[in-house]
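Remarks on the structure that follows.
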Amino acid sequence: MNPSHPTWIEIDLSAVAHNCARIGQDTSTPLMAIVKGDAYGHGAVEVGRAAVAGGASWLGVARCCEARALREAGIQAPILVLGMVTPEEVDEAISQRLTLTLHDPETLALFSARARAAHRTLGVHLKVETGLGRVGVFPEEVPAFARKATAGGSLVLDGMYSHLAVADEDHPLNELQAKRFRTVVQAMETEGMRPRWVHLANSAAAYWLPETRYDLVRVGNVVLGMRISIDRPLPEAYRPVLSWKARLGSCRVLPEGWGVGYGQTYVTERDELIGVIPVGYGDGLRRIPGNQVLIGGERCPVVGRSCLDQSMVRLPRPFPVGEEVVVVGSQGGEAIWFHDLAALYKTTQVDISTHLHSRVPHIYKHG
Ligand SMILES: *Cc1c(COP(=O)(O)O)cnc(C)c1O
(Lines give C-alpha, C1' and ligand atoms only; values in the text may rest on other atoms or scores of the structure.)
Protein backbone atom coordinates (compact mmCIF):
# COMPACT_ATOMS: atom_id res chain seq x y z
CA MET A 1 0.00 0.00 0.00
CA ASN A 2 1.15 3.49 -0.76
CA PRO A 3 0.41 5.74 2.18
CA SER A 4 0.45 9.10 0.49
CA HIS A 5 -2.27 8.94 -2.19
CA PRO A 6 -6.02 8.34 -2.08
CA THR A 7 -5.73 6.47 -5.39
CA TRP A 8 -2.74 5.45 -7.48
CA ILE A 9 -1.57 3.21 -10.29
CA GLU A 10 1.26 0.71 -9.83
CA ILE A 11 3.31 -0.27 -12.87
CA ASP A 12 5.45 -3.39 -12.55
CA LEU A 13 8.40 -2.73 -14.84
CA SER A 14 9.98 -6.11 -14.18
CA ALA A 15 6.81 -7.60 -15.70
CA VAL A 16 7.36 -5.46 -18.83
CA ALA A 17 10.93 -6.74 -19.22
CA HIS A 18 9.78 -10.27 -18.48
CA ASN A 19 6.99 -10.10 -21.07
CA CYS A 20 9.37 -8.74 -23.73
CA ALA A 21 11.84 -11.56 -23.12
CA ARG A 22 8.96 -14.01 -23.30
CA ILE A 23 7.72 -12.59 -26.61
CA GLY A 24 11.23 -13.15 -27.96
CA GLN A 25 11.14 -16.79 -26.87
CA ASP A 26 7.63 -17.44 -28.17
CA THR A 27 8.05 -15.76 -31.57
CA SER A 28 11.81 -16.20 -32.17
CA THR A 29 11.67 -12.77 -33.80
CA PRO A 30 13.13 -9.40 -32.80
CA LEU A 31 10.63 -7.16 -31.04
CA MET A 32 9.42 -3.63 -31.67
CA ALA A 33 7.68 -2.65 -28.44
CA ILE A 34 4.85 -0.27 -29.31
CA VAL A 35 4.69 2.51 -26.70
CA LYS A 36 2.36 4.97 -28.45
CA GLY A 37 -0.34 6.73 -26.44
CA ASP A 38 2.00 6.87 -23.42
CA ALA A 39 2.35 3.08 -23.69
CA TYR A 40 -1.44 2.78 -23.68
CA GLY A 41 -1.53 4.88 -20.52
CA HIS A 42 1.19 2.96 -18.68
CA GLY A 43 4.01 5.53 -19.16
CA ALA A 44 6.01 5.47 -22.40
CA VAL A 45 9.42 6.40 -21.02
CA GLU A 46 9.40 3.87 -18.19
CA VAL A 47 7.82 1.10 -20.25
CA GLY A 48 10.09 1.89 -23.21
CA ARG A 49 13.19 1.68 -21.05
CA ALA A 50 12.04 -1.59 -19.46
CA ALA A 51 11.17 -3.03 -22.88
CA VAL A 52 14.66 -2.28 -24.19
CA ALA A 53 16.11 -3.85 -21.03
CA GLY A 54 13.91 -6.87 -21.77
CA GLY A 55 15.42 -7.22 -25.23
CA ALA A 56 13.25 -5.05 -27.52
CA SER A 57 15.26 -4.06 -30.60
CA TRP A 58 12.99 -1.19 -31.58
CA LEU A 59 10.39 1.09 -30.03
CA GLY A 60 7.36 2.26 -31.99
CA VAL A 61 5.36 5.43 -31.37
CA ALA A 62 2.58 7.25 -33.21
CA ARG A 63 3.97 10.78 -33.17
CA CYS A 64 7.25 12.68 -33.16
CA CYS A 65 6.46 14.31 -29.81
CA GLU A 66 6.24 10.83 -28.29
CA ALA A 67 9.62 9.94 -29.77
CA ARG A 68 11.10 13.19 -28.47
CA ALA A 69 10.11 12.29 -24.91
CA LEU A 70 11.92 8.96 -25.26
CA ARG A 71 15.07 10.58 -26.65
CA GLU A 72 15.02 13.27 -23.95
CA ALA A 73 14.89 10.48 -21.38
CA GLY A 74 18.11 9.12 -22.87
CA ILE A 75 16.66 6.15 -24.75
CA GLN A 76 18.98 5.44 -27.67
CA ALA A 77 17.16 2.48 -29.29
CA PRO A 78 15.89 2.83 -32.85
CA ILE A 79 12.43 4.44 -32.87
CA LEU A 80 9.88 4.15 -35.66
CA VAL A 81 7.22 6.88 -35.87
CA LEU A 82 4.16 5.05 -37.19
CA GLY A 83 1.92 8.05 -37.73
CA MET A 84 1.91 11.40 -39.44
CA VAL A 85 4.45 14.20 -39.00
CA THR A 86 4.45 17.90 -39.78
CA PRO A 87 7.22 19.54 -41.85
CA GLU A 88 8.76 21.05 -38.69
CA GLU A 89 8.87 17.64 -37.08
CA VAL A 90 10.82 16.14 -39.97
CA ASP A 91 13.81 18.34 -39.08
CA GLU A 92 13.58 17.19 -35.50
CA ALA A 93 13.29 13.57 -36.60
CA ILE A 94 16.49 13.93 -38.60
CA SER A 95 18.44 15.42 -35.71
CA GLN A 96 17.09 12.84 -33.25
CA ARG A 97 17.77 9.88 -35.55
CA LEU A 98 14.14 8.81 -35.71
CA THR A 99 12.82 6.57 -38.45
CA LEU A 100 9.73 7.89 -40.23
CA THR A 101 6.92 6.18 -42.10
CA LEU A 102 7.00 6.90 -45.83
CA HIS A 103 3.54 6.34 -47.23
CA ASP A 104 2.81 8.52 -50.26
CA PRO A 105 4.37 10.91 -52.80
CA GLU A 106 3.83 13.87 -50.43
CA THR A 107 5.81 12.33 -47.58
CA LEU A 108 8.48 11.31 -50.09
CA ALA A 109 8.84 14.89 -51.35
CA LEU A 110 8.79 16.37 -47.85
CA PHE A 111 11.22 13.91 -46.26
CA SER A 112 13.78 14.08 -49.04
CA ALA A 113 13.63 17.89 -49.25
CA ARG A 114 14.20 18.26 -45.50
CA ALA A 115 16.98 15.67 -45.42
CA ARG A 116 18.74 17.34 -48.37
CA ALA A 117 18.40 20.75 -46.71
CA ALA A 118 19.97 19.33 -43.54
CA HIS A 119 22.75 17.57 -45.51
CA ARG A 120 21.80 14.42 -43.67
CA THR A 121 20.15 11.11 -44.41
CA LEU A 122 16.80 10.06 -42.96
CA GLY A 123 15.83 6.45 -42.27
CA VAL A 124 12.36 5.48 -43.46
CA HIS A 125 10.08 2.46 -43.39
CA LEU A 126 7.78 2.22 -46.38
CA LYS A 127 4.15 1.55 -45.49
CA VAL A 128 2.23 -0.74 -47.81
CA GLU A 129 -1.57 -0.58 -48.18
CA THR A 130 -2.68 -4.20 -48.01
CA GLY A 131 -6.26 -3.77 -46.80
CA LEU A 132 -6.55 -1.57 -43.70
CA GLY A 133 -7.61 1.36 -45.88
CA ARG A 134 -5.66 3.96 -43.91
CA VAL A 135 -2.36 4.99 -45.50
CA GLY A 136 0.23 3.21 -47.62
CA VAL A 137 1.49 2.63 -51.13
CA PHE A 138 -0.53 0.08 -53.13
CA PRO A 139 1.38 -3.20 -53.54
CA GLU A 140 1.92 -3.02 -57.32
CA GLU A 141 3.33 0.51 -57.01
CA VAL A 142 5.86 -0.33 -54.29
CA PRO A 143 8.99 -1.22 -56.33
CA ALA A 144 8.80 1.89 -58.52
CA PHE A 145 8.01 4.05 -55.50
CA ALA A 146 10.93 2.57 -53.55
CA ARG A 147 13.32 3.20 -56.44
CA LYS A 148 12.21 6.82 -56.61
CA ALA A 149 12.52 7.18 -52.83
CA THR A 150 16.11 5.99 -52.71
CA ALA A 151 17.25 7.64 -55.98
CA GLY A 152 18.02 11.01 -54.36
CA GLY A 153 20.35 9.46 -51.79
CA SER A 154 18.88 11.36 -48.84
CA LEU A 155 16.39 8.69 -47.76
CA VAL A 156 17.58 5.33 -46.48
CA LEU A 157 14.96 2.62 -47.03
CA ASP A 158 15.57 0.70 -43.83
CA GLY A 159 12.21 -1.08 -43.58
CA MET A 160 8.89 -1.92 -45.13
CA TYR A 161 5.66 -2.76 -43.34
CA SER A 162 1.91 -3.06 -43.37
CA HIS A 163 -0.78 -3.35 -40.71
CA LEU A 164 -3.53 -5.96 -40.37
CA ALA A 165 -7.15 -4.89 -39.94
CA VAL A 166 -8.65 -7.97 -38.26
CA ALA A 167 -5.72 -9.95 -36.86
CA ASP A 168 -7.61 -10.69 -33.64
CA GLU A 169 -10.40 -12.44 -35.57
CA ASP A 170 -10.52 -15.54 -37.69
CA HIS A 171 -11.21 -13.60 -40.90
CA PRO A 172 -10.36 -14.19 -44.56
CA LEU A 173 -8.84 -10.70 -44.88
CA ASN A 174 -5.85 -11.87 -42.81
CA GLU A 175 -4.77 -14.34 -45.47
CA LEU A 176 -5.42 -11.80 -48.23
CA GLN A 177 -3.37 -9.06 -46.54
CA ALA A 178 -0.60 -11.53 -45.75
CA LYS A 179 -0.55 -12.67 -49.40
CA ARG A 180 -0.49 -9.13 -50.79
CA PHE A 181 2.38 -8.29 -48.46
CA ARG A 182 4.30 -11.46 -49.30
CA THR A 183 4.01 -10.60 -53.01
CA VAL A 184 5.50 -7.16 -52.40
CA VAL A 185 8.34 -8.58 -50.33
CA GLN A 186 9.13 -11.04 -53.14
CA ALA A 187 9.01 -8.28 -55.76
CA MET A 188 11.42 -6.18 -53.70
CA GLU A 189 13.73 -9.17 -53.27
CA THR A 190 13.70 -9.80 -57.02
CA GLU A 191 14.65 -6.17 -57.63
CA GLY A 192 17.43 -6.34 -55.04
CA MET A 193 15.69 -3.75 -52.85
CA ARG A 194 14.48 -5.78 -49.89
CA PRO A 195 14.98 -3.56 -46.83
CA ARG A 196 16.63 -4.79 -43.63
CA TRP A 197 13.41 -4.69 -41.54
CA VAL A 198 10.31 -6.22 -43.01
CA HIS A 199 7.34 -6.38 -40.59
CA LEU A 200 3.62 -7.07 -40.57
CA ALA A 201 2.54 -8.63 -37.25
CA ASN A 202 0.91 -6.86 -34.31
CA SER A 203 0.25 -8.76 -31.04
CA ALA A 204 -2.46 -11.01 -32.46
CA ALA A 205 -0.64 -11.85 -35.66
CA ALA A 206 2.66 -12.45 -33.85
CA TYR A 207 0.97 -15.34 -32.04
CA TRP A 208 -1.73 -16.59 -34.37
CA LEU A 209 -0.29 -15.93 -37.85
CA PRO A 210 3.38 -16.93 -37.58
CA GLU A 211 3.98 -16.39 -41.32
CA THR A 212 3.51 -12.64 -40.70
CA ARG A 213 6.51 -12.37 -38.36
CA TYR A 214 9.28 -11.64 -40.91
CA ASP A 215 12.09 -9.60 -39.25
CA LEU A 216 10.20 -7.84 -36.44
CA VAL A 217 6.97 -8.20 -34.50
CA ARG A 218 5.25 -4.95 -33.44
CA VAL A 219 3.70 -5.68 -30.07
CA GLY A 220 1.81 -3.36 -27.74
CA ASN A 221 -0.84 -5.28 -25.75
CA VAL A 222 1.24 -8.30 -24.81
CA VAL A 223 4.21 -6.20 -23.67
CA LEU A 224 1.79 -4.80 -21.07
CA GLY A 225 0.43 -8.22 -20.17
CA MET A 226 -2.92 -7.37 -21.72
CA ARG A 227 -4.78 -10.03 -23.63
CA ILE A 228 -4.55 -10.25 -27.40
CA SER A 229 -8.32 -10.47 -27.62
CA ILE A 230 -10.63 -10.02 -24.69
CA ASP A 231 -12.05 -13.53 -24.78
CA ARG A 232 -8.77 -15.47 -25.10
CA PRO A 233 -6.37 -15.67 -22.15
CA LEU A 234 -2.65 -15.11 -22.56
CA PRO A 235 -0.32 -18.00 -21.74
CA GLU A 236 0.32 -18.20 -17.98
CA ALA A 237 3.90 -17.08 -18.48
CA TYR A 238 2.92 -13.47 -19.21
CA ARG A 239 2.50 -11.10 -16.31
CA PRO A 240 0.06 -8.20 -15.89
CA VAL A 241 1.79 -4.85 -15.56
CA LEU A 242 -0.74 -2.36 -14.22
CA SER A 243 -2.73 -2.32 -10.98
CA TRP A 244 -5.01 0.53 -9.99
CA LYS A 245 -5.62 0.88 -6.28
CA ALA A 246 -7.25 3.22 -3.80
CA ARG A 247 -7.95 3.53 -0.10
CA LEU A 248 -11.44 3.21 1.27
CA GLY A 249 -12.55 6.71 2.25
CA SER A 250 -15.67 6.01 4.28
CA CYS A 251 -17.74 3.06 5.51
CA ARG A 252 -21.16 3.46 7.15
CA VAL A 253 -24.70 2.14 7.21
CA LEU A 254 -27.32 3.89 5.11
CA PRO A 255 -30.87 3.11 6.26
CA GLU A 256 -33.39 1.19 4.17
CA GLY A 257 -34.89 3.26 1.35
CA TRP A 258 -31.98 5.73 1.22
CA GLY A 259 -31.05 7.02 -2.24
CA VAL A 260 -27.40 6.95 -3.30
CA GLY A 261 -25.68 9.49 -5.56
CA TYR A 262 -26.61 11.89 -8.33
CA GLY A 263 -29.89 11.01 -9.98
CA GLN A 264 -30.66 8.66 -7.08
CA THR A 265 -30.45 5.66 -9.40
CA TYR A 266 -29.82 3.34 -6.46
CA VAL A 267 -31.94 3.03 -3.33
CA THR A 268 -30.99 0.76 -0.44
CA GLU A 269 -33.28 -2.24 0.02
CA ARG A 270 -32.47 -2.60 3.71
CA ASP A 271 -29.90 -1.12 6.06
CA GLU A 272 -26.80 -1.39 3.86
CA LEU A 273 -23.11 -0.84 4.43
CA ILE A 274 -22.10 1.72 1.83
CA GLY A 275 -18.46 2.65 1.33
CA VAL A 276 -17.06 5.60 -0.56
CA ILE A 277 -13.92 5.25 -2.69
CA PRO A 278 -11.84 8.17 -4.02
CA VAL A 279 -12.20 6.98 -7.62
CA GLY A 280 -14.54 8.49 -10.18
CA TYR A 281 -15.07 9.06 -13.87
CA GLY A 282 -12.53 11.88 -13.70
CA ASP A 283 -9.93 9.18 -13.04
CA GLY A 284 -10.97 6.83 -15.83
CA LEU A 285 -13.69 4.71 -14.23
CA ARG A 286 -16.54 4.87 -16.74
CA ARG A 287 -19.82 6.38 -15.65
CA ILE A 288 -21.90 3.36 -16.54
CA PRO A 289 -23.62 0.66 -14.43
CA GLY A 290 -21.92 -2.61 -13.58
CA ASN A 291 -18.54 -1.56 -12.17
CA GLN A 292 -17.08 -3.58 -9.33
CA VAL A 293 -14.01 -3.17 -7.14
CA LEU A 294 -12.16 -5.57 -4.85
CA ILE A 295 -12.14 -4.98 -1.11
CA GLY A 296 -11.03 -7.61 1.39
CA GLY A 297 -10.60 -10.04 -1.51
CA GLU A 298 -14.28 -9.73 -2.47
CA ARG A 299 -16.04 -8.17 -5.43
CA CYS A 300 -18.10 -5.19 -4.31
CA PRO A 301 -20.57 -3.52 -6.69
CA VAL A 302 -20.38 0.19 -7.37
CA VAL A 303 -23.89 1.46 -6.61
CA GLY A 304 -25.51 4.59 -7.99
CA ARG A 305 -23.75 6.79 -10.49
CA SER A 306 -20.02 7.36 -10.16
CA CYS A 307 -19.15 10.98 -9.43
CA LEU A 308 -16.16 12.79 -10.93
CA ASP A 309 -13.91 12.03 -7.95
CA GLN A 310 -15.72 9.42 -5.87
CA SER A 311 -17.96 6.38 -6.14
CA MET A 312 -20.13 4.50 -3.69
CA VAL A 313 -19.80 0.74 -3.19
CA ARG A 314 -21.92 -1.80 -1.33
CA LEU A 315 -19.82 -3.66 1.22
CA PRO A 316 -20.42 -7.19 2.49
CA ARG A 317 -19.05 -6.36 5.93
CA PRO A 318 -17.46 -3.38 7.68
CA PHE A 319 -13.94 -2.32 6.67
CA PRO A 320 -11.72 0.30 8.27
CA VAL A 321 -11.18 3.57 6.47
CA GLY A 322 -7.91 3.21 4.57
CA GLU A 323 -8.56 -0.42 3.58
CA GLU A 324 -7.02 -1.30 0.22
CA VAL A 325 -9.39 -1.10 -2.76
CA VAL A 326 -8.42 -2.64 -6.11
CA VAL A 327 -10.03 -1.16 -9.22
CA VAL A 328 -7.79 -3.02 -11.68
CA GLY A 329 -5.61 -5.88 -10.50
CA SER A 330 -5.83 -8.80 -8.10
CA GLN A 331 -6.53 -9.12 -4.41
CA GLY A 332 -6.86 -12.39 -2.54
CA GLY A 333 -8.17 -14.89 -5.05
CA GLU A 334 -10.12 -12.32 -7.08
CA ALA A 335 -9.02 -10.18 -10.01
CA ILE A 336 -10.39 -7.49 -12.29
CA TRP A 337 -8.34 -6.86 -15.45
CA PHE A 338 -8.69 -4.58 -18.44
CA HIS A 339 -10.31 -7.38 -20.44
CA ASP A 340 -13.09 -7.59 -17.81
CA LEU A 341 -13.69 -3.85 -18.08
CA ALA A 342 -13.49 -4.03 -21.89
CA ALA A 343 -16.27 -6.64 -21.89
CA LEU A 344 -18.39 -4.51 -19.53
CA TYR A 345 -17.84 -1.28 -21.45
CA LYS A 346 -18.04 -2.96 -24.88
CA THR A 347 -14.77 -1.46 -26.02
CA THR A 348 -11.07 -2.35 -26.22
CA GLN A 349 -8.67 -2.76 -23.32
CA VAL A 350 -6.51 0.00 -24.79
CA ASP A 351 -9.46 2.40 -24.95
CA ILE A 352 -9.75 1.99 -21.18
CA SER A 353 -6.07 2.02 -20.23
CA THR A 354 -5.32 5.12 -22.34
CA HIS A 355 -8.15 6.96 -20.62
CA LEU A 356 -6.79 6.57 -17.10
CA HIS A 357 -6.36 10.16 -16.01
CA SER A 358 -2.88 11.54 -15.41
CA ARG A 359 -3.96 12.97 -12.04
CA VAL A 360 -3.82 9.41 -10.70
CA PRO A 361 -0.14 9.08 -9.73
CA HIS A 362 1.79 6.31 -11.48
CA ILE A 363 4.17 4.46 -9.18
CA TYR A 364 6.85 2.48 -10.97
CA LYS A 365 8.14 -0.68 -9.35
CA HIS A 366 11.20 -2.60 -10.43
CA GLY A 367 10.33 -6.03 -9.14
C1 LIG B 1 -0.67 0.09 -32.32
C2 LIG B 1 0.02 -0.66 -33.39
C3 LIG B 1 0.57 -1.93 -33.15
C4 LIG B 1 0.43 -2.67 -31.83
O5 LIG B 1 -0.78 -3.36 -31.77
P6 LIG B 1 -1.07 -4.38 -30.54
O7 LIG B 1 -2.33 -5.02 -30.93
O8 LIG B 1 -1.16 -3.56 -29.31
O9 LIG B 1 0.07 -5.33 -30.50
C10 LIG B 1 1.28 -2.53 -34.18
N11 LIG B 1 1.44 -1.92 -35.37
C12 LIG B 1 0.90 -0.71 -35.64
C13 LIG B 1 1.11 -0.10 -36.99
C14 LIG B 1 0.17 -0.05 -34.68
O15 LIG B 1 -0.36 1.15 -34.96
Side-chain angles (χ1 to χ4, degrees), residues 2 8-24 29-101 111 114-115 118-125 156 158-159 161 196-197 199 215-226 239 241-243 350 353-354 356-367:
N2 190 289
W8 68 97
I9 284 166
E10 291 175 5
I11 306 284
D12 180 354
L13 294 173
S14 64
V16 170
H18 167 89
N19 292 341
C20 288
R22 191 72 219 186
I23 292 164
T29 308
L31 168 67
M32 175 185 287
I34 301 293
V35 296
K36 66 189 178 194
D38 203 23
Y40 299 166
H42 292 60
V45 165
E46 291 81 2
V47 169
R49 209 180 270 135
V52 171
S57 308
W58 280 78
L59 297 176
V61 295
R63 306 207 177 129
C64 273
C65 57
E66 297 179 321
R68 183 194 311 142
L70 299 174
R71 285 285 184 254
E72 282 173 357
I75 295 174
Q76 298 295 327
I79 300 175
L80 175 63
V81 179
L82 301 161
M84 312 204 170
V85 295
T86 64
E88 297 75 16
E89 286 176 326
V90 179
D91 298 339
E92 190 181 348
I94 293 167
S95 66
Q96 292 182 331
R97 294 167 296 99
L98 308 181
T99 303
L100 298 184
T101 295
F111 293 176
R114 301 313 311 169
H119 304 289
R120 296 272 292 273
T121 58
L122 171 64
V124 293
H125 285 201
V156 179
D158 185 39
Y161 74 106
R196 165 68 185 86
W197 300 99
H199 46 111
D215 306 320
L216 204 54
V217 289
R218 301 187 306 265
V219 180
N221 274 272
V222 179
V223 166
L224 301 166
M226 295 205 284
R239 287 178 18 205
V241 168
L242 184 148
S243 309
V350 174
S353 69
T354 52
L356 299 180
H357 199 279
S358 59
R359 76 168 171 174
V360 183
H362 284 48
I363 294 167
Y364 293 94
K365 299 178 143 186
H366 298 265

Within a strict 4.5 Å, meaning less than it, do heavy atoms of the Leu242 and Leu356 side chains meet? yes
Is the closest side-chain heavy-atom distance between Leu70 and Val45 below 4.5 Å? yes
Minimum heavy-atom distance [X]-[Y], with the two atoms named:
X      : Y      : answer
Val81  : Cys64  : CG1-N, 4.0 Å
Ala50  : Val16  : CB-CG1, 3.7 Å
Pro30  : Trp197 : CB-CZ3, 4.2 Å
Thr354 : Gly37  : CG2-O, 4.0 Å
Val223 : Ala33  : CG2-CB, 4.2 Å
Leu216 : Thr29  : N-CG2, 3.5 Å

Which residue pairs pass the ring pair (Phe, Tyr, Trp, His ring centres under 6.0 Å) test when at least one of the two sits in residues 77-98, sequence neighbours left out? none
Run the side-chain contact (heavy atoms from CB on, under 4.5 Å) test against [X] and tell me which residues pass, sequence neighbours left out.
X      : value
Ala21  : none
Thr121 : Val156
Thr99  : Trp58, Leu80, His125
Arg196 : Asp158, Asp215

Interatomic distance, Glu92 atom CD to Leu98 atom CG [nearest 0.5 angstrom]: 7.5 Å
If you measure from CG on Leu100 to CG on Leu82, what distance do you get to the nearest 0.5 Å? 10.5 Å
Going by side-chain contact (heavy atoms from CB on, under 4.5 Å), Asn19 matches just one of Leu224, Val241, Leu31, Asp12. Which one? Val241
List the residues meeting salt bridge (Lys or Arg N to Asp or Glu O under 4.0 Å) with [X], not counting sequence neighbours, and say none if there are none.
X      : result
Arg114 : Asp91
Glu89  : none
Arg120 : none

Passes side chain to side chain contact (heavy atoms under 4.5 Å, CB included), Glu46 versus Ile11? Steps please. CA-CA 9 Å; Glu46 291 81 2; Ile11 306 284; 6.0 Å; no
Would Ile34 and Val219 satisfy side chain to side chain contact (heavy atoms under 4.5 Å, CB included), going step by step from the backbone distance to the final call? CA-CA 6 Å; Ile34 301 293; Val219 180; 5.8 Å; no
Tell me, with the steps shown, if Tyr40 and Asn221 meet side chain to side chain contact (heavy atoms under 4.5 Å, CB included). CA-CA 8 Å; Tyr40 299 166; Asn221 274 272; 4.0 Å; yes
Please report the C-alpha distance between Glu66 and Lys36 in whole Å, then the side-chain angles of each, then the deciding distance to 0.1 Å, and finally whether the salt bridge (charged side-chain N to carboxylate O under 4.0 Å, His left out) criterion is met. CA-CA 7 Å; Glu66 297 179 321; Lys36 66 189 178 194; over 6 Å; no
I'd like to check the side-chain hydrogen bond (donor to acceptor under 3.5 Å, both in side chains) partners of [X]; sequence neighbours left out, ordered by chain and number.
X      : value
Tyr161 : Thr101
His42  : none
Asp38  : none
Arg63  : none

Please confirm whether the backbone N or O of Arg97 pairs with a side-chain atom of Arg71, one donor and one acceptor, at under 3.5 Å? yes
